[in-house]
Amino acid sequence: MQVYTKSSVKSPIVHVGLDDTDSTQGKCTTHAAYRITQYLLDNECTEFVDYPLLIRLNPNIPWKTRGNGAVCLRFRTADHEDVLDRIMDLVHKEKLVASGANPGIAVYCGDSIPYSIQCFARKALYDVVSSRKAKELATRHQIRFFIDGNGQGLVGSMAAIGTLLREDHTFEAVAYRKQEKCGTVRKLDSAQVVQYDAETFPYTFNNYDKEHHRVLILPHGPDPVFCGIRGESAEIVCTALRKLQISEKLEGYMVFRTNQGTNQHLQNEMGLADIKCYTAGFSQCKVDSRPIVIEGGHAMFSVRDNIGGVVNAAVYEPTDLVKIASKLEVGDSIKIGFGVRKPSSKHLRILNVEYLQVLEAKEIFETVNPLCLTCKKRMKSEGTNKGFRCRKCGVRSIRDAKKIVISRPRMVVTGLFVPTPRAHRHLTKPVHRYGMEKNLESTPVITLWPTWFSKL
Ligand code: ATP
């Protein structure tokens with residue numbers, strides 16, 4: 001095994017953004033990043049100043065292949081002038097781009113990232129941004145780039161460059177398969193996953209769905225990823241991966257610093273009146289129509305915000321949140337994180353709920369017949385203005401006795417409810433991570449864990 005450590009090169013930081021090198025036929029942008037990193041570490045005098053960043057962008061983009069991931073590599077190298085040319089030679093030589101993909105590879109040199117690129121990156125997390133805007137920014141900041149196909153990949157590559165991820169973040173150690181194994185079934189003893197999950201919780205997450213007995217670290221497609229272990233530090237994800245006994249001979253692994261598991265796409269409060277499709281955000285609002293559970297087990301209801309915007313919302317069956325959502329009543333105060341589904345001929349715009357926080361369950365009153373004072377059973381009405389009679393003991397109430405108003409016990413408790421792990425998106429923040437958020441405010445220099453990159 002070859003393990004890479006730091007060298008000491010002093011020159012401007014090079015930021016390489018990559019996106020859309022894959023298609024449904026295969027390949028993977030993180031694998032292209034792995035190969036480029038290997039090339040840089042093997043052939044150039046390179047010092048990585050951060051882990052490779054794996055940035056999940058707006059998950060509601062309809063033209064994404066899978067998880068809308070883009071990558072940024074940040075390093076110092078002795079010869080930064082024509083780094084793009086050398087990377088492009090490698091990309092072509094090693095055929096790192098799938099046919100049908102729309103790759104974007106961009107290179108920015110400089111010790112700080114222009115504010116306008118950071119704003120562009122922030123927007124790409126929750127909104128739709130144009131490749132025209134990405135090109136305009138690249139040109140304005142002398143960013144050299146390569147694009148192919150429809151050029152959309154430049155959006156992700158520029159957004160990855162613009163993301164510093166100084167706020168909450170997690171890590172993922174991604175292990176890659178050898179080319180000849182891609183497309184075959186991934187074999188891994190689930191008992192090992194259950195064991196390390198128990199040993200490392202809460203510092204690794206989304207390894208195993210205990211409720212549905214499902215291993216969550218293995219993808220299922222033809223791409224070169226064997227498995228990915230997510231957690232709170234490079235050390236813990238590396239250690240957990242290296243302990244796994246994987247019978248298949250792998251190509252290697254690399255640790256990414258990522259916004260996965262942080263809800264970073266849901267940080268913007270959205271007014272519901274003029275909400276745009278494909279965007280993501282949160283709203284503090286009230287239930288406006290009582291949820292109904294439709295075929296398929298999904299709960300549908302509408303919500304209203306404090307400026308009167310009303311929109312439909314859906315809680316889908318696989319999230320396991322329907323049992324909570326279906327108990328909501330009109331007037332309940334809630335906070336929801338959501339992505340906006342586009343309208344179709346069958347339905348209007350819908351908020352696809354990604355988490356539900358019940359802030360206040362409204363007191364619900366109902367009108368019922370009085371109790372029999374002897375048997376403590378509800379009495380039966382004898383007709384309008386004729387009073388009530390106990391069915392058990394026959395006692396009659398006074399003639400003008402009235403129905404009474406009582407407060408109905410609510411079956412919903414206040415609190416935060418997030419989907420079950422198998423329904424998580426990459427960005428979904430697991431419930432146990434609330435309170436575990438970290439940032440790099442007091443870490444001006446990132447020291448990389450010695451085994452962050454490995455050829456096996
Ligand atoms: P994988 O997760 O396997 O790497 P993917 O799901 O990232 O695949 P891509 O093939 O990269 O999918 O396709 C996503 C495309 O959408 C890219 O071209 C990317 O530049 C673009 N894109 C990403 N975010 C936005 C956004 N907010 N607005 C517009 N386009 C976007």
Side-chain angles (χ1 to χ4, degrees), residues 16-36 52-73 91 96-106 117-138 143 145-163 172 174 176-177 182 218-228 230 254 256 258-261 264-268 270 276-281 339-340 342 424-428:
V16 178
L18 313 174
D19 198 9
D20 213 334
T21 60
D22 55 340
S23 72
T24 45
Q25 310 305 310
K27 310 272 178 191
C28 169
T29 301
T30 73
H31 182 249
Y34 170 82
R35 284 286 180 81
I36 294 170
L53 294 189
L54 168 54
I55 303 301
R56 299 289 175 180
L57 300 168
N58 184 353
N60 306 306
I61 293 297
W63 49 84
K64 68 180 182 173
T65 311
R66 284 181 297 260
N68 204 6
V71 173
C72 179
L73 305 175
V91 165
L96 298 180
V97 174
S99 58
N102 300 299
I105 302 182
I117 303 180
Q118 294 185 42
C119 293
F120 175 85
R122 245 189 300 279
K123 195 159 191 267
L125 279 168
Y126 66 87
D127 206 343
V128 181
V129 290
S130 71
S131 54
R132 188 186 46 74
K133 177 77 188 165
K135 257 187 223 159
E136 181 194 306
L137 272 179
I143 292 183
F145 62 86
F146 161 84
I147 49 173
D148 201 1
N150 65 13
Q152 196 65 27
L154 190 62
V155 170
S157 53
M158 289 292 291
I161 290 177
T163 305
E172 180 166 359
V174 184
Y176 296 101
R177 318 183 80 181
C182 294
L218 303 178
H220 300 285
D223 55 285
V225 174
F226 180 81
C227 69
R230 286 156 281 217
M254 183 157 90
F256 293 87
T258 126
N259 61 354
Q260 294 174 160
Q264 208 190 17
H265 63 312
L266 301 178
Q267 301 307 309
N268 265 35
M270 301 273 195
K276 273 178 23 195
C277 59
Y278 304 137
T279 56
V340 186
K342 98 171 202 272
H424 278 193
R425 301 178 120 173
H426 291 287
L427 280 157
T428 307

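Counting starts at 1 for both ligands and their atoms, following the listed order. FYI, side chains are in, hydrogens and waters are out, and symmetry mates aren't considered; it's all heavy atoms of this structure. Small disclaimer: the values here were computed from a predicted structure and weren't measured.
- A distance of 9.0 Å separates OG1 of Thr258 from CD of Gln264, quoted to the nearest 0.5 Å.
- Heavy-atom contacts of Gly69 reach the following atoms of ligand 1: 2 (O), 4 (O), 5 (P), 7 (O) (cutoff under 4.0 Å).
- Here Leu57 has side-chain heavy atoms under 4.0 Å from ligand 1, and that is the only part of it that gets that close.
- Under the side chain to side chain contact (heavy atoms under 4.5 Å, CB included) test applied with His426, the options Arg66, His265, Gln260 reduce to a single match, Gln260.
- Summarising the contacts of atom 27 (N) of ligand 1 with Leu54, Asn102, Asn58, Asp127, the nearest heavy atom is found in Asp127.
- From the protein, the heavy atom lying nearest to atom 17 (C) of ligand 1 is Asp20 OD2, 3.2 Å.
- When side chains are defined from C-beta on, Phe145 does not count as touching Ile105, because their heavy atoms never get closer than 4.5 Å.
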Open item on the list: Go through it in stages, so that I can follow the logic: the residues are Asn68 and Arg425, the test is side-chain hydrogen bond (donor to acceptor under 3.5 Å, both in side chains), and I'd like the CA-CA distance, side-chain angles, deciding distance and then a yes or no.
Closed with: CA-CA 10 Å; Asn68 204 6; Arg425 301 178 120 173; over 6 Å; no
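- The line from CG of Asn60 to CG of Asp127 is 10.0 Å long, rounded to the nearest 0.5 Å.
- Among Val155, Leu18, Asp19, the residue whose heavy atom lies nearest to atom 19 (C) of ligand 1 is Asp19.
- Ring pair Tyr176/Tyr34 is tilted by interplanar angle, where 30° to 60° counts as tilted.
- Taking 4.0 Å as the cut-off, Gly153 counts as a neighbour of ligand 1 on heavy-atom distance.
- Residue contact check: Gln152 has heavy atoms under 4.0 Å from atoms 18 (O), 19 (C), 20 (O), 21 (C), 29 (C), 30 (N) of ligand 1.
- Ranked by closest heavy atom to atom 12 (O) of ligand 1, the top entry among Thr29, Ile55, Thr65 is Thr65.
- Only the side chain of Arg56 comes within 4.0 Å of ligand 1, judged by heavy-atom distances.
- With respect to atom 21 (C) of ligand 1, the closest heavy atom belonging to the protein is Trp63 NE1, 3.7 Å.
- In terms of protein heavy-atom proximity, atom 24 (N) of ligand 1 is closest to Asn68 ND2, 3.3 Å.
- Heavy-atom proximity to Gly67, at under 4.0 Å, picks out these atoms of ligand 1: 2 (O), 6 (O).
- Between the side chain of Asn58 and the backbone N or O of Ala124 there is no donor-acceptor pair closer than 3.5 Å.
- When only non-hydrogen protein atoms are considered, atom 26 (C) of ligand 1 lies nearest to Ile61 CD1, 3.4 Å.
- If you look at Val129 next to ligand 1, the close heavy atoms, those under 4.0 Å, come from the backbone and the side chain alike.
- Counting heavy atoms from C-beta on, the side chains of Lys135 and Leu154 come closer than 4.5 Å.
- Distance alone, capped at 3.5 Å, is enough to place a donor-acceptor pair between the Asn259 side chain and the Arg56 backbone.
- Proximity of Lys276 to Val340: side-chain heavy atoms (C-beta onward) are nowhere separated by under 4.5 Å.
- Proximity to Ala124 (heavy-atom distance under 4.0 Å) selects the following atoms of ligand 1: 27 (N).
- Looking only at protein heavy atoms, the nearest one to atom 8 (O) of ligand 1 is Asp22 OD2, 2.9 Å.
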